[in-house]
Structures are given as structure tokens and as C-alpha cells.
Amino acid sequence: MATPQSDPSLSPLKTIAVVGLGTMGTGIAEVLAKAGREVIGIDISEAQAARSLAALEAATARAVARGKLTEQERAEALARIRTGTDLSAAADADLVIEVVPESYDIKHQVLRELDGIVRPGTILATGTNALSVTRLAADSARPERVLGLHFFNPAPAMKLVEVVSSVLTAPGAVAAVTDLAIELGKEPVAVGDRPGFVADGLLFGYLNQAAAMYEAKYASREDIDAAMRLGCGLPMGPLALLDLIGIDTARTVLEAMYAESRDRLHAPAPILKQLSEAGLTGRKSGRGFYTYEAPGSATVVRDALTPLDGAALTPGRTVRSVGVAGSGTMASGIAEVFAKAGYEVVLAARSEEKAQAAKARIGKSLDRSVGKGRMTAEAAAQTLDLITPAGSYDAFADVDLAVEAVAEDLEVKRQLFQALDKVCKPGAVLATTTSSLPVVACARATSRPQDVIGMHFFNPAPAMKLVEVVRTVLTGEDVHATVREVCARIRKHAVDCGDRAGFIVNALLFPYLNNAIKMVEEHYASLDDIDAAMKLGGGYPMGPFELLDVVGLDVSLAIEKVLHREFRDPGLAPAPLLEHLVAAGCLGRKTGRGFREYARR
């Protein structure tokens, strides 16, 4: 990724034409004009060109109101923009950026016409995010000057720009637009020519799987979106994001990706075709996965699929005391969550010493909360007093809810559930926090499978708001209602899903991580560029390789194997590089080396 700051006075790209003045073209024109470039905006529609100019005037006025521009800077920026409807206006441009509709026919026509208009040294950039830059360049009179320059929407706010080279692109053209991107305050990432490039190449596979998950009625649209926002820290859920992008646009990108990869994960989910052909393309049409107040509005309104507020559920069971099995970080975090909510908690481990150590860890966590002003010392002491450590699961005899958070090993969990079945009183709810194992296998280890459910907390449990509530085909309705009520009391957001590998979050997250590893294996892009692309272009709080190293490569590999085994999709097979690193003992931050090396503490 290019990082050195260039002197704008040295840039050869002074006059830049933008062809296509939709939302993206208008945003790019704004960025260029504010950075001191002469901008020629061209659109076949005179009305669209006028709308674009009005949008630029409004956007720069907002920038003045926010203190981002002075009135003089605004006037100067607007003076640098002129618009028209004829491509001949680009004759004096040093660079032309086309952002016309995603169609080979339309883009070929534009580039062919530009060949006869622009100077021999003018660089022609396509803003495509789905089509082959090489194919577009091959038909040009001078393919060496054609490249991809992929901005992200909204262009004024998004930092990422993907600079896409084909095998025909001249290095000088790449260097010139890379320098320009830096001068515009953007972060350019160099990538090769394949559909989706880096950011969309990873993002759209994930969006497609989310659409397929919804189509299969595995989870509601609200639960899928909430799970990915709260479980992964994403700014938007995948279905809301598809509505924002445009379901027709997403389908076009996925078709292009599938044509090249033949990976079933990229084959557009049928619901994308159905919605597109029905004209339900998302926000721009007023309806997609969600229904909006009006076409173009961001305000979601109630429709036939919206859950009823406070919908009557089967009455739940009374829960006053909770047993938490385990002594690790997850177990102590869950015990802390329940105690903070006022539950009496029995924290049981394989020995009294381990249980005491887990309670001591909770005490330190509560002390940190006091130090940060999040709770009083008195409240922390009262919370800690609600936790009783125990060296045996016999202490669970009177609990109303038992939650296990032991090792992610099916045989270990089955043995624990056999023990809980004998110890816990009739009517107690038995919950597993597994993230990847079948809940029904735990249930079948008991004589009361109707009382068993999944409660998948996320680490660190005190901070993470999400709980995936996993029902098996045997789980009782009152057990499900009980857990939903408990989640509300402990101030967690519960999402419902069925008992299949990965539930919602891991089933969508880990194929994305696996595909990022495959990009590195194929020498398509570097670790740093992929991480930067997903943080800057996708709004992810961490890049995929940062996240893999935090989660642990061994944990990640185990989840990938479970997903591959359950869904039997070749595209889900763990990337060989991941397997090699795990075999070498490079497990991420916990070992000091994973995809990157870390300083030993």
C-alpha cells in the first residue's frame, strides 16, 4: 500500500473528467474539486448533470456549515467544476474516470469514444467493481493506459481506493493514479484484476451467504443483521447493507465473481434474482429486504415481516439462581454478567482452587469497572457476594438455569451434560455456550432433551451484547421463552437460530476469513492491503488477519472444519495456509506468531 505523501504541485493529473454523474460520479467530482483539481463532469442526461451540480452545491454547503470548508474554499471548489453532456469535453483531461452503469456494452462504448477524443497520454480509469478491467482495456486503442480506480460510496467519506492493474497496464499509469489518490487524502491499495477486487471480493460473498441464510428461513432479517452488528462490530447488518448497495447491483457483482471463480459461495442466492426482477432493489426503490418510508429513504417502516413488539410468548420458567460450569475467561465472564443482573450464581469448576481463581478474576474485572466509573465499589462488592465458587457440580442441585462454558470438545460437553442431568433438579434449564458443536448432541446426553438449549455468548461476555439462542428440534417452547426472558434481564440482545454449524455469526464470519486467506495464498494481495481494504472499504473494526490472530488460528481452523463437514461445500474447505500455520504452532497472538509476529509479553 502506498504511504508516502506526494507534493500536489508535482502531480501530472491536473484536469480530470468524470463520466457518469450518479451518486458515485458526483461524490468523486466533489473529492477532486475540493483537492484543487479542474473537474469536467459528463453525463448523457442534461437533467442528471444539473442534479449532480445541485448535489455538489448542497454537499459543499453542508461542509461549510460543519466547519470543514470556508465559504471561499467552497466557491473556489465549485468554480473548478463544469458539467456537460458530450464526451468531447474530456479532450483536455489528463485522467478520465468513468462510472457509468455496470455493463460491458456501455463501458466499451464510452472507452472507444474516448480513444478518439483524448490525448495519447491521457489515463483512462474505470470505476467498475464487478467487470474485468483487462477485458475493458483490451478493446482500447492504448490498453496500457487503462486501469481500474475503484472508489467506495460515499466517495467523500470513504478512505479506500483500489488501484487495479491488468497485465496490460503501464507502471507509470499506476504510479500516477496512486499518487493522485494519496493527494486526495485516500488510502490506495494495489490489486490485480479479478471481480470484486479485494473489498467487494470478500464482502459480497458474505452478503450472498446472509441472503441465502434468510431465504432458508434459518433466521429473521432482523436477527441476522443484529447478530453481525453486535457479534462482529459491523456498522450495518448484511441485509440492510444489500438494500443500501442495491440488490440488483449486488447480483451483478456476484454473477461476475461466480463466472470467474465457479465457487458456489459466489453463486447469487435465488432471492437476489427474485427481488431484482420484481423491482425490489432496496432503498432506492423503497423496498428490498426491508420496506422504507419512500424510495431513497433510509427510514425503515413496519411491514408484514416486522416482529411485533412484546409479542406474547409461551410463559417462561422462573429463574432465580444460575449455575455456571467452567473456570476459564468465558465462564467467569458469564458468571459476572449474571451476578451484575442480580442473580445468585454458583460458579463450579473441577476443583475448589480453579473456582476460587475464577471468582478472583471476576473481582479484578469488577475493580476495573469501578476504576472506570462504571459502577460503585459498593455495587461491585454486592455483585461479587452473589457468586459462590464450588469444586463440584453437585452445587448445582438447586439452580434454575445451568450454563456450561467448558472446553469446546463434544465428548467433554456430553459428559458434563450427563452429570448435570443427574445433579440438577427437575425443571432446571440446561444451556450450552458452544459456538460450533451440535446442541442436540448435548441434549441427547440427558434424559430431558426438551430442557436443553444453546446460549452462545461472545467474548468478552461482560462487554459483548449478543447472545445467540439456539433451539434444537427437541427444545421446549417454555425453555426458549425462559432464555429469552433471562437475556432481557441480563441486558443482552438475543437472536434466535436453529441448531446447525456456526449458528449465525460464525457461519457468516469464517467463510469470509477463509476467503481472505485464499487471497494471500494466491498472491493476489498482501496481508496489510487486505486488512486495510476491509477496515477502510467495509467498515470492519479489524481486518481479517488481525481478527484471525486474535481469535486464534487453531480455533479458527476448528470452526472452518466444522462448517465444511456440515455443509459439504468445497468453497468452505479450510485454506491450506491456515492448516500449515496451525501445524507449525503459529496460532496467533497467544503464541507470539500467526499471520504476523507479536512481541512477547
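Note: hydrogens, waters and symmetry copies are ignored here, and every other heavy atom, side chains too, is used.
Here the shortest heavy-atom pairing between I530 and V520 reads CD1-CG2, 3.7 Å. For M534 against A199, the heavy-atom pair with the smallest separation is SD-CA, 3.6 Å. Contact record, L557 with E579: CD1-CG, 3.6 Å, taken as the closest heavy-atom pair. Of all non-hydrogen atoms in K492 and A461, the two that sit nearest each other are NZ-O, 2.6 Å. Nearest heavy atoms, A405 versus M330: CB-CG, 4.2 Å. Counting all heavy atoms, side chain and backbone alike, P156 lies closest to V31 at CA-CG2, 3.5 Å.
The pair R489-E485 fails the salt-bridge criterion, with no side-chain N (NZ, NE, NH1 or NH2) lying under 4.0 Å from an Asp/Glu carboxylate O. With salt bridges taken as basic N to acidic carboxylate O contacts below 4.0 Å, none links E187 and K535.
Side-chain contact between E566 and L572: absent, with no pair of heavy atoms (C-beta onward) separated by less than 4.5 Å. Between F338 and V403, the closest side-chain pair of non-hydrogen atoms falls below 4.5 Å. Between F289 and I271, some side-chain heavy-atom pair lies under the 4.5 Å cut-off. Put simply, the side chain of C232 reaches to within 4.5 Å of the side chain of V505, judged on heavy atoms. A 4.5 Å side-chain heavy-atom check between T482 and L401 finds every atom pair outside the cut-off. Using a 4.5 Å cut-off on side-chain heavy atoms (C-beta onward), L587 and V582 make contact. Within the 4.5 Å cutoff, the side chain of I28 has heavy atoms near those of the I97 side chain.
Side chain of D549 to backbone of R596: a donor-acceptor contact under 3.5 angstrom is found. At least one donor-acceptor pair under 3.5 Å links the side chain of E408 to the backbone N or O of S436. Side chain of E468 to backbone of C497: no donor-acceptor contact under 3.5 angstrom is found. Panel note: side chain D499, backbone V473; no donor-acceptor pair is recorded below 3.5 Å. Under a 3.5 Å cut-off, the side chain of Y292 and the backbone N or O of G282 do not form any donor-acceptor pair. At distances below 3.5 Å, at least one donor-acceptor pair connects side-chain atoms of R361 with backbone N or O atoms of S327. No donor-acceptor distance shorter than 3.5 angstrom exists from the side chain of K186 to the backbone of E162, with no hydrogens or angles considered. Judged by distance alone, with hydrogens and angles left aside, the side-chain atoms of E215 form no donor-acceptor pair with the main-chain N or O of A269 at under 3.5 Å. Judged by distance alone, the side chain of E546 and the main-chain N or O of D531 form no donor-acceptor pair under 3.5 Å. Within the 3.5 Å criterion, the main-chain N or O of R565 finds a donor-acceptor partner in the side chain of R568.
Under a cutoff of 6.0 Å and an axis angle of 45°, R264 and F567 do not form a cation-pi pair.
If you take CD1 on I224 and CG on L508, they are separated by 7.0 Å, rounding to the nearest 0.5 Å. The line from CG of D223 to CG of L230 is 10.5 Å long, rounded to the nearest 0.5 Å. If you take CE on M228 and CG on L466, they are separated by 9.5 Å, rounding to the nearest 0.5 Å. Atom CG of L242 is separated from atom CZ of F204 by 7.5 Å, given to the nearest 0.5 angstrom. One distance of note links CG of L548 with CD1 of I517; it measures 5.0 Å at 0.5 Å rounding. Atom OG1 in T434 sits 5.0 Å away from atom NZ in K413 (nearest 0.5 Å).
Ring geometry, Y206 versus Y512: the interplanar angle falls from 30° to 60°, so the pair is classed tilted.
Y290 pairs with exactly one of D225, D243, T306 by the side-chain hydrogen bond (donor to acceptor under 3.5 Å, both in side chains) rule, that one being D225. Of the residues listed (V133, D529, V198), the one engaging V191 in a side-chain contact (heavy atoms from CB on, under 4.5 Å) is V198, and it is the only one.
For H456 and N506, the side-chain atoms include no donor-acceptor pair closer than 3.5 Å. Looking at S132 and D193, their side chains do bring a donor and an acceptor atom within 3.5 Å of each other. Side-chain atoms of E102 and T252 include no donor-acceptor pair closer than 3.5 Å.
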* To do: Report the C-alpha distance between M542 and V551 in whole Å, list the side-chain angles of each, state the deciding distance to 0.1 Å, and finish with yes or no for side chain to side chain contact (heavy atoms under 4.5 Å, CB included).
  => CA-CA 12 Å; M542 299 178 81; V551 170; over 6 Å; no
